[in-house]
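Take a look at the structure set out below.
Both counts, for ligands and for their atoms, begin at 1 and track the order of listing.
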Amino acid sequence: MIEQKYIWAYGLKNAVEHEGKAVVGSVIPGLFNCGLKKDKIKDEMPGIQKVLKEINSMKIDEQKDKFKDYEKLIGHRFEREGLAELPDVGKKGVITRFSPSPSSPLHLGHILTIGPGFLYVKKYGGKFYVRIEDTDPNTIYKPAYKMIEKEVKWLCDNNVEIVIQSERMDLYYKYAENLLNKESAYVCECSQEDFKKLVDAKKACPCRNLTKKENLERWEKMLDKNGYNQGGAVLRFKSDIEDKNPAMRDFPLARINLNKHPLQGNKYRVWPLMNLAVTVDDIEMGMTHIIRGKDQRDNAKKQKMMYDVFGKKYPWTGYIGILHFKGLVLSKRKMREGVESGKYTGWDDPKLPTVVSLKKRGYKPEAFWKFVEQRGISEVDKIISKKDFFEVIDNFQKEV
Ligand SMILES: [Zn+2]
């Protein structure tokens with residue numbers, strides 16, 4: 001027997017597309033995708049007609065509303081085809097990026113993050129950067145560099161430019177110095193606890209009032225191998241010490257980390273934190289549009305503050321809500337533990353939602369892109385079960 005939900009899905013789709021009237025002949029072809037066998041049509045017909053009768057007795061608004069519950073099953077979009085148009089697209093198209101950390105190979109969550117930016121560059125032309133953010137030596141899983149490179153090339157059909165942040169350190173230092181010269185940053189020697197106590201009370205620490213010269217000397221001391229110890233000083237951005245949001249107040253830009261970096265070894269001791277490195281790269285690469293998780297809103301504000309200091313226009317930014325997958329392991333730590341302990345046969349174990357596993361199972365990137373198009377740039381969080389998600393993807397997979 002064909003599952004009722006598919007009759008509802010295709011029945012409602014047909015109805016909302018045809019002024020509230022579903023016709024059995026138009027519904028049947030869709031049902032072939034969902035397990036309806038030709039030689040069983042006769043047996044299934046009463047069940048199908050019963051649902052259609054019910055659908056046709058509904059008002060069109062009710063049908064549209066109800067269809068929302070079923071839409072995801074069959075991946076239909078009755079409001080638009082593809083992603084919505086982006087604002088401010090120039091003649092050269094869109095420059096955007098995806099910024100993974102090399103702490104594990106990529107998984108399903110990454111595919112869905114890559115999707116919008118990649119599809120927009122495909123649509124408008126421009127450039128899609130994959131920027132490996134590896135300026136925290138503590139969180140790197142070395143094999144991930146090569147894996148990510150291979151995975152994004154496969155996903156994006158080679159239309160990507162891959163950049164590794166730890167190879168651009170001079171640039172971050174240059175911008176840090178610029179900020180010091182503009183007196184928009186300072187080197188803070190306070191302990192984390194002391195600093196926190198002060199900013200929580202909206203009070204500046206003593207380092208904030210140093211002269212430019214003193215700050216540049218302290219910066220040299222950060223870079224000097226005989227200078228500060230790890231934790232001895234941080235570079236801070238001079239924001240608004242009375243900002244409503246405590247996280248915005250004089251946030252850190254760079255710190256000393258003496259741990260060995262998997263690519264750079266002990267060549268560098270001062271490492272830019274995410275907000276500095278991201279801002280520098282976004283400026284240097286000429287980002288025009290950024291699509292990011294809505295949990296990045298505070299970081300976007302911090303980065304915009306630096307853009308303002310450099311007199312640059314901040315890129316258009318779109319936010320996407322979080323998609324929670326019920327029944328899927330997406331924790332990098334858990335995946336890695338499982339791979340290392342032998343619980344999984346490797347990163348391509350069919351139980352894992354990694355890109356290598358999905359590829360091995362025969363999935364095509366286009367099936368996921370269709371899902372991305374259907375979801376659009378929406379800030380709404382969603383919960384989806386593993387089963388429902390793969391039903392949708394499997395249907396898309398048949399289409400592509
Ligand atoms: Zn201080």
Side-chain angles (χ1 to χ4, degrees), residues 133-139 165-166 168-261 264 266-283 296-312 314:
E133 297 193 344
D134 64 338
T135 61
D136 180 357
N138 301 357
T139 58
Q165 284 193 323
S166 67
R168 300 162 64 80
M169 293 292 282
D170 292 344
L171 206 55
Y172 308 132
Y173 287 174
K174 190 181 108 188
Y175 273 74
E177 268 173 50
N178 264 338
L179 286 169
L180 288 166
N181 277 314
K182 287 173 182 290
E183 301 191 60
S184 289
Y186 60 96
V187 178
C188 174
E189 289 179 355
C190 303
S191 72
Q192 246 179 33
E193 301 83 53
D194 288 349
F195 182 81
K196 193 177 178 302
K197 265 185 222 154
L198 286 166
V199 287
D200 281 350
K202 301 185 177 176
K203 286 194 182 117
C205 82
C207 323
R208 200 180 207 258
N209 298 318
L210 295 175
T211 63
K212 193 200 302 183
K213 187 166 165 276
E214 285 167 320
N215 268 317
L216 287 166
E217 280 165 14
R218 281 191 177 187
W219 174 244
E220 284 307 314
K221 202 173 153 189
M222 277 183 85
L223 298 170
D224 182 355
K225 66 178 193 306
N226 299 314
Y228 293 109
N229 293 325
Q230 188 164 312
V234 277
L235 181 72
R236 292 192 177 281
F237 184 74
K238 221 183 251 185
S239 65
D240 177 1
I241 206 78
E242 295 184 4
D243 196 295
K244 286 196 299 293
N245 178 357
M248 293 294 151
R249 297 174 199 158
D250 287 18
F251 52 88
L253 296 176
R255 64 171 173 187
I256 299 167
N257 187 337
L258 302 177
N259 288 343
K260 196 171 170 203
H261 188 281
Q264 306 299 332
N266 294 107
K267 191 172 172 193
Y268 302 104
R269 65 196 319 271
V270 175
W271 291 94
L273 291 163
M274 189 261 271
N275 282 305
L276 175 62
V278 163
T279 306
V280 171
D281 283 335
D282 284 347
I283 291 176
Q296 293 296 309
R297 215 179 272 275
D298 278 358
N299 284 324
K301 268 189 213 163
K302 292 175 184 174
Q303 292 157 25
K304 184 176 180 303
M305 288 180 194
M306 281 183 263
Y307 260 76
D308 290 344
V309 170
F310 293 112
K312 303 275 182 193
Y314 197 68

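- Residues Cys207 and Val187 approach most closely at CB-O, 3.5 Å, considering heavy atoms.
- Seen from the ring of Tyr307, Lys312 does not count as a face-on cation partner, given the 6.0 Å and 45° thresholds.
- Counting only heavy atoms from C-beta outward, the side chains of Gln303 and Asn299 approach each other to under 4.5 Å.
- For the Zn ion (ligand 1), the neighbouring protein N/O/S atoms at less than 2.8 Å, given as residue and atom, are Cys188 SG, Cys190 SG, Cys205 SG, Cys207 SG.
- For the residue pair Asp134/Gln165, the side-chain donor-acceptor check at 3.5 Å is not satisfied.
- For the pair Lys302 and Phe251, the cation-pi criterion (under 6.0 Å, within 45° of the ring axis) is fulfilled.
- Under the salt bridge (Lys or Arg N to Asp or Glu O under 4.0 Å) criterion, Lys196 pairs with Asp200, sequence neighbours left out.
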